Amino acid sequence: MNDRPHSPIQDPRVNAVIARMQGARQRPAGGGPRGSFNSRDPHAYAEQGFSIHPEQGELIYLLCRGLRATRVAEFATSVGLSTLYFAAAVRDNGGGTVIGSEIVPAKVETAKRNLAEAGLADYAEIREGDARKTLRDLGGPVDFVLIDGWPGEGAPSLAREVIEIVAPQLLVGGYVMNDNAEPDYLAFIRDPENGFVSMTLPLKGGTELSLKVK
């Protein structure tokens, strides 16, 4: 008997890679970079994929299909789990590109292998480096952005800096999803002056989903 929730993705090759990645998911002792005494250097976690949960990815897939999205962006790619959902959506919409950013070279290579295994390598462009530089020019407007980057110390958070860079490049009617609920990010995205309406979804302890309306 299969008690796994039904996925909107119908490609068994993609689903097999997602299932493998989920089965291999591991977090370091002490909670990783959010732990009080652990390193906050992303290169110290080259073997761990800090990724969205499947229910977040499936929502991304459905929203991107509904938008007929062809160009999307994400911060950060990590080992490529979120990239798989985005790439499957733009492929199933007829073609397009996922622009990802990842600062750890080993994770860039892992993400590329996962995409290739899923048959989605042609739909993703992973830019290696600091997202504040790699996502500054997306080459045109995008339909959806995922902000799921490194939880650094101090303010402004990386999430706040990146949303300020990518928000002008997002089409009106496009979505932004945030995974880590950084307070200064939420202050930006919930301020009507910045052009978004927003809500918190009960996914992974709180996922902010925002729609650009102006």
Side-chain angles (χ1 to χ4, degrees), residues 3-9 15 18-42 44-45 47-64 66 72-86 88-89 100-104 107 111 114 131 144-164 166-167 170 174-191 194 196-212:
D3 58 359
R4 183 171 173 269
H6 175 72
S7 172
I9 298 176
N15 285 328
I18 291 172
R20 175 183 60 73
M21 293 174 70
Q22 274 296 102
R25 186 190 288 266
Q26 58 176 322
R27 295 188 70 86
R34 289 188 178 276
S36 301
F37 302 104
N38 288 15
S39 172
R40 290 186 179 269
D41 178 2
Y45 303 95
E47 302 302 317
Q48 280 86 28
F50 298 102
S51 302
I52 62 170
H53 286 186
E55 59 267 26
Q56 294 169 300
E58 290 166 2
L59 179 58
I60 285 171
Y61 177 85
L62 284 174
L63 290 172
C64 286
V72 299
E74 62 175 10
F75 162 61
T77 294
S78 188
V79 294
L81 185 59
S82 55
T83 324
L84 290 172
Y85 289 102
F86 275 124
S101 181
E102 174 53 52
I103 200 168
V104 180
K107 289 186 175 181
N114 288 329
F144 200 118
V145 177
L146 172 66
I147 305 288
D148 183 26
W150 200 249
E153 294 181 288
S157 68
L158 288 172
R160 173 63 181 258
E161 292 184 288
V162 172
I163 189 59
E164 290 186 0
V166 300
L170 180 69
Y175 288 98
V176 184
M177 182 182 288
N178 168 257
D179 185 53
N180 291 322
E182 295 88 346
D184 60 348
Y185 171 90
L186 296 178
F188 176 90
I189 209 74
R190 292 173 178 175
D191 183 347
N194 293 321
F196 291 88
V197 292
S198 192
M199 69 179 295
T200 304
L201 304 175
L203 301 176
K204 199 184 175 186
T207 297
E208 196 76 6
L209 182 65
S210 310
L211 172 68
K212 187 172 181 180

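The structure displayed is predicted, hence computed values, not measured ones.
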Report task. Using a 4.5 Å cut-off on heavy atoms from C-beta on, say whether the side chain of Asn178 contacts that of Ser210. Result -> no
Query raised in the report: Within a strict 4.5 Å, meaning less than it, do heavy atoms of the Leu201 and Leu59 side chains meet?
Result: yes
Query raised in the report: CG of Asn194 to CD of Glu164: how many Å apart, nearest 0.5 Å?
Result: 7.5 Å
Report task. Find the distance between CD1 (Ile189) and CD (Glu182) and round it off to the nearest 0.5 Å. Result -> 11.5 Å
**Report entry** Value rounded to 0.5 Å, distance of OG in Ser51 from NZ in Lys204
**Finding:** 7.5 Å
**Report entry** Any residue meeting salt bridge (charged side-chain N to carboxylate O under 4.0 Å, His left out) with Glu55, in chain and number order, not counting sequence neighbours
**Finding:** none
Requested in this report: Take Phe75 and Leu158 through the test side chain to side chain contact (heavy atoms under 4.5 Å, CB included) and record every step on the way to the result.
Outcome: CA-CA 10 Å; Phe75 162 61; Leu158 288 172; 3.8 Å; yes
Requested in this report: Answer whether the closest heavy-atom distance between the side chains of Ser82 and Asp148 falls below 4.5 Å.
Outcome: no
Query - Minimum heavy-atom distance Pro8-Glu58, with the two atoms named - result: CD-CG, 3.7 Å
Report task. Please list, chain by chain and in numerical order, all residues satisfying ring pair (Phe, Tyr, Trp, His ring centres under 6.0 Å) with Phe86, sequence neighbours excluded. Result -> Phe144
**Report entry** Heavy-atom pair with the smallest gap, counting every atom of Leu170 and Tyr175
**Finding:** CD1-O, 3.9 Å
Report task. Search all heavy atoms of Glu208 against all heavy atoms of Ser198 and return the closest pair with its distance. Result -> OE2-OG, 2.6 Å
Query raised in the report: Okay, side chain of Lys212, backbone of Ala167: is any donor-acceptor separation there less than 3.5 Å?
Result: yes
Query raised in the report: Is the closest side-chain heavy-atom distance between Ile18 and Tyr85 below 4.5 Å?
Result: yes
**Report entry** Minimum-distance pair of heavy atoms, taken over all atoms of Met21 and Val79
**Finding:** CE-O, 3.6 Å
Requested in this report: State, with a plain yes or no, whether a side-chain heavy atom of Asn114 is found less than 4.5 Å away from one of Arg20.
Outcome: yes
Query - Shortest non-hydrogen contact between Ala76 and Glu102, atoms and distance - result: CB-OE1, 3.8 Å
Requested in this report: Kindly compute the distance separating CD1 (Ile9) from CG (Leu62), expressed to the nearest 0.5 Å.
Outcome: 8.5 Å
Query raised in the report: Between Gln56 and Leu81, does a side chain to side chain contact (heavy atoms under 4.5 Å, CB included) hold up when you go through it step by step?
Result: CA-CA 11 Å; Gln56 294 169 300; Leu81 185 59; over 6 Å; no
**Report entry** Ile60 vs Ile52 side-chain heavy atoms within contact, under 4.5 Å
**Finding:** yes
Query raised in the report: Do Asp184 side-chain atoms and Ser157 backbone N/O form a donor-acceptor pair below 3.5 Å?
Result: yes
Requested in this report: Check whether any side-chain heavy atom of His53 lies under 4.5 Å from a side-chain heavy atom of Leu203, and answer yes or no.
Outcome: no
Report summary line: Nearest heavy-atom contact between Thr77 and Gly100 is OG1-CA, 3.3 Å
